[in-house]
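This report concerns only the one structure given below.
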Amino acid sequence: MPGGPAVSVPPVTVVRSRDNALAKDLRRLAQDSTAYRRQARVWLEGDHLCRAALARGLRPALAVFSESFWPLAPVEWAQAATKTIVLADALFAEVSALESPAAMGYVLELPAPGAPDPLAPSVVLDRVQDAGNVGSILRSAAAFGFTQVLALKGTAALWSPKVLRAGMGAHFGLRLVEGLDVPDLDALQVPLLVTHVHGGASLHRAALPWPCAWVLGHEGQGVCEALLARAHQRIRIAQPGGEESLNVAAAAAICLHASAAARA
C-alpha cells in the first residue's frame, strides 16, 4: 500500500498539578533570571522566539503547550521537540512570566560555555545592567555582522527571560560568553573600540578597523578605567542637540552600524 514515510510523534505528557517537579522547573526558568545557569537550559516562550530557534536549526529538548492550545498547535511545532508537555491552562499561566501567557514554549539545552573567539568581530558589555538594553544590543550585533558578545561580570544575565524577549531571536545567531573579567579580554586579537562621551575621535570621522570589538559601558558609569586603558581607539558620537549622553543601546546601534557601513 503506497504512502509517505512514517512521522515520528514525540511522547506527550499532560500535567495538571502545580506540585509537579517539571512544572516547578519551568516556573523557575521562566521567572528567575539566572535559573538557566543552574539547569543548563533556557525557556523560550511564544511563537516568535520558538520560530527563531527552529530557523537556526536548533531542536528543543522539550515543547510545552497549554491544554487549550494543544489541539490547535501546528504540526511542525508539535513535532519539533524530543518530548512534549501539555500543561493545564491555569498551570501554564502560573509558569509564564508574561502578562498574557503565549500558550506555548520550548526548552533548549544550553551548551557548556566556551572561551571567547579571539578573532571574531565582537561586542563587549561592561556591566550593562538593564535587560532591555542588553537584548537590544544583541539585536544590533546580529544585524550588523558581529558574531560574538562578551559580557563582563555585573552585566545582566544574557539568557534571562527578559533579555531573551528583548533580543527577539538574536541569541541564536551569536556566540555568547558571560561572567568574564577584564583580563580575559587580553586574549582578543582584534582592536578594542571604546565608546567615550568626552574624549576620542568623532565616530563619523574615525577610521574603523575590521574586525574589531566595540566596548559598551555601564548605563551610569560608562566604561571602566581598566578597559579604557586597553582601548585601541576611543570613540565619541557627535551630539549637536546638546544631550549629555545617549542610551547605551542607542549608542550601540549607531556604532555597530558605522562599522558595518565602513565595510560596505
Side-chain angles (χ1 to χ4, degrees), residues 7-111 129-139 142 155-174 176 178 249:
V7 176
S8 175
V9 179
V12 177
T13 301
V14 178
V15 176
R16 296 190 175 93
S17 170
R18 68 189 312 271
D19 295 323
N20 178 275
L22 178 57
K24 290 180 178 180
D25 281 345
L26 289 175
R27 193 179 298 116
R28 293 187 192 100
L29 280 178
Q31 300 180 19
D32 182 340
S33 64
T34 59
Y36 70 89
R37 293 174 180 164
R38 296 186 293 275
Q39 294 193 29
R41 304 186 304 167
V42 65
W43 166 248
L44 312 178
E45 185 171 349
D47 63 291
H48 182 89
L49 278 178
C50 293
R51 285 180 187 273
L54 295 179
R56 287 285 181 175
L58 301 176
R59 187 174 189 194
L62 191 65
V64 184
F65 299 90
S66 69
E67 196 166 12
S68 60
F69 180 69
W70 170 239
L72 310 174
V75 173
E76 63 269 24
W77 293 359
Q79 296 178 349
T82 54
K83 185 178 180 181
T84 297
I85 300 295
V86 174
L87 298 181
D89 287 9
L91 185 54
F92 195 101
E94 284 189 19
V95 165
S96 174
L98 304 180
E99 278 190 31
S100 299
M104 62 89 61
Y106 288 154
V107 173
L108 292 182
E109 303 284 355
L110 284 181
Q129 296 183 332
D130 181 80
N133 284 337
V134 172
S136 179
I137 293 169
L138 265 59
R139 290 180 71 184
T155 298
L158 295 188
W159 289 96
S160 70
K162 288 183 179 180
V163 175
L164 273 164
R165 290 196 294 274
M168 296 288 287
H171 287 69
F172 311 126
L174 296 167
L176 304 177
E178 60 182 350

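Keep in mind that the numbers below use all heavy atoms, side chains included, and drop hydrogens, waters and symmetry copies.
The CG atom of Leu87 sits 13.5 Å away from atom CZ of Phe69, with the distance rounded to the nearest 0.5 Å. Separation of atoms CZ (Arg37) and CG (Asp32) is listed at 10.0 Å; rounding is to 0.5 Å. Here Ser160 contributes atom OG and Arg165 contributes atom CZ; the two are 8.0 Å apart, rounded to the nearest 0.5 Å. Atom-to-atom distance recorded for Thr155:OG1 and Asn133:CG is 11.0 Å, nearest 0.5 angstrom. Note that the CD atom of Glu109 and the CD atom of Gln39 stand 9.5 Å from one another [nearest 0.5 Å]. Note that OG of Ser17 is 8.0 Å distant from NZ of Lys24, once rounded to the nearest 0.5 Å.
With hydrogens and angles ignored, the 3.5 Å screen pairs no side-chain donor or acceptor of Arg41 with any backbone N or O of Leu110. In terms of modelled atom types and a separation under 3.5 Å, the side chain of His171 and the main chain of Leu158 share a donor-acceptor contact. Put simply, the side chain of Tyr36 never gets that close to the backbone of Pro161: no donor and acceptor are under 3.5 Å apart.
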**Q.** Working for side chain to side chain contact (heavy atoms under 4.5 Å, CB included), residues Phe65 and Trp77
**A.** CA-CA 10 Å; Phe65 299 90; Trp77 293 359; 4.2 Å; yes
Q: Check the pair Thr13, Leu22 against side chain to side chain contact (heavy atoms under 4.5 Å, CB included), reporting the backbone distance first and the verdict last.
A: CA-CA 11 Å; Thr13 301; Leu22 178 57; over 6 Å; no
(Q) For Val107 and Ile85: C-alpha separation, side-chain torsions, deciding distance, then whether side chain to side chain contact (heavy atoms under 4.5 Å, CB included) applies. (A) CA-CA 11 Å; Val107 173; Ile85 300 295; over 6 Å; no
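Taking each heavy atom of Ala53 and Leu44 in turn, the nearest pair found is CB-CD1, 3.8 Å. Residue Ala156 comes nearest to Val163 through the heavy atom pair CB-CG2, 4.4 Å, listed as atom of the first residue, atom of the second, then distance. The shortest heavy-atom contact between Trp43 and Ala30 is CD1-CB, 3.4 Å. Of all non-hydrogen atoms in Leu108 and Pro60, the two that sit nearest each other are CD2-CA, 3.5 Å. Annotation for Phe172 and Leu49: closest pair CE1-O, 3.6 Å, computed over non-hydrogen atoms. Of all heavy-atom pairs spanning Ala23 and Leu91, the tightest one is CB-CD2, 4.1 Å.
With Val95 as the fixed residue, the side-chain contact (heavy atoms from CB on, under 4.5 Å) test singles out one of Val15, Leu26, Val64: Leu26.
Residue pairs that meet the salt bridge (charged side-chain N to carboxylate O under 4.0 Å, His left out) test with at least one member in residues 91-106, sequence neighbours left out, are Arg18-Glu94, Arg27-Glu94. Sorted by first and then second residue, the side chain to side chain donor-acceptor pair (under 3.5 Å) pairs involving residues 67-76 (not counting sequence neighbours) are Arg16-Glu67, Ser68-Asp89.
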